[in-house]
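Because only heavy atoms are used, hydrogens play no part in the values below, and waters and symmetry mates are left out as well, while side chains stay in.
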Amino acid sequence: MTVTLVTVSPRRNRPRRDENANLDADRVRQGVASVQQWTDGAWQVRGIGAGASVKTYRCPGCNQEIRPGVAHLVAWPADGLGDLTDRRHWHSGCWQARDRRGPAVQRGRGSPRY
């Protein structure tokens, strides 16, 4: 008596889908904008990943540089009345703490700290 074994691959129950087919490359790179309400109004906020950050910006919250390759966020008024010059790049922590901070004051090295 001769026994012959036949190997069969298991059946796939779900059709194979290309999961990346519907992704918009610009939207993935730039992030998704959301509207946030603050005491000074509504702001559109978009997160910028470290890989998408290629320029040096100055954070209005701490007046320090945001170097290329550092994740941060961009905020602009949500009223739609502004233009590209109204966008500001913020450190994420500075944006979250901006209601608790005073304005960033630029001082010279020789000036007193009051």
Peer 1: Using side-chain contact (heavy atoms from CB on, under 4.5 Å), reason through C59 and Q64 one step at a time and then give a plain yes or no.
Peer 2: CA-CA 6 Å; C59 175; Q64 300 295 316; 5.5 Å; no
Peer 1: Test I66 against H91 for side-chain contact (heavy atoms from CB on, under 4.5 Å), laying out the working first.
Peer 2: CA-CA 7 Å; I66 302 172; H91 291 109; 3.5 Å; yes
Peer 1: Nearest heavy-atom pair of Q96 and R100: which atoms, and what distance?
Peer 2: O-NH1, 3.7 Å
Peer 1: Apply side chain to side chain contact (heavy atoms under 4.5 Å, CB included) to T56 and list each qualifying residue two or more places apart in sequence or on a separate chain.
Peer 2: E65, R67, P68
Peer 1: Between W38 and W95, does the ring centroid distance fall short of 6.0 Å?
Peer 2: yes
Peer 1: Report yes or no: do H72 and H89 form a side-chain donor-acceptor pair below 3.5 Å?
Peer 2: yes
Peer 1: Apply side-chain contact (heavy atoms from CB on, under 4.5 Å) to L73 and I48, showing your working.
Peer 2: CA-CA 5 Å; L73 55 89; I48 304 294; 5.8 Å; no
Peer 1: Cationic tip of R98 within the cone over W43's six-membered ring, i.e. under 6.0 Å and within 45° of the normal?
Peer 2: yes
Peer 1: Between R58 and N63 (side chain of the first, backbone of the second, donor and acceptor by atom type, cut-off under 3.5 Å), is there such a pair?
Peer 2: yes
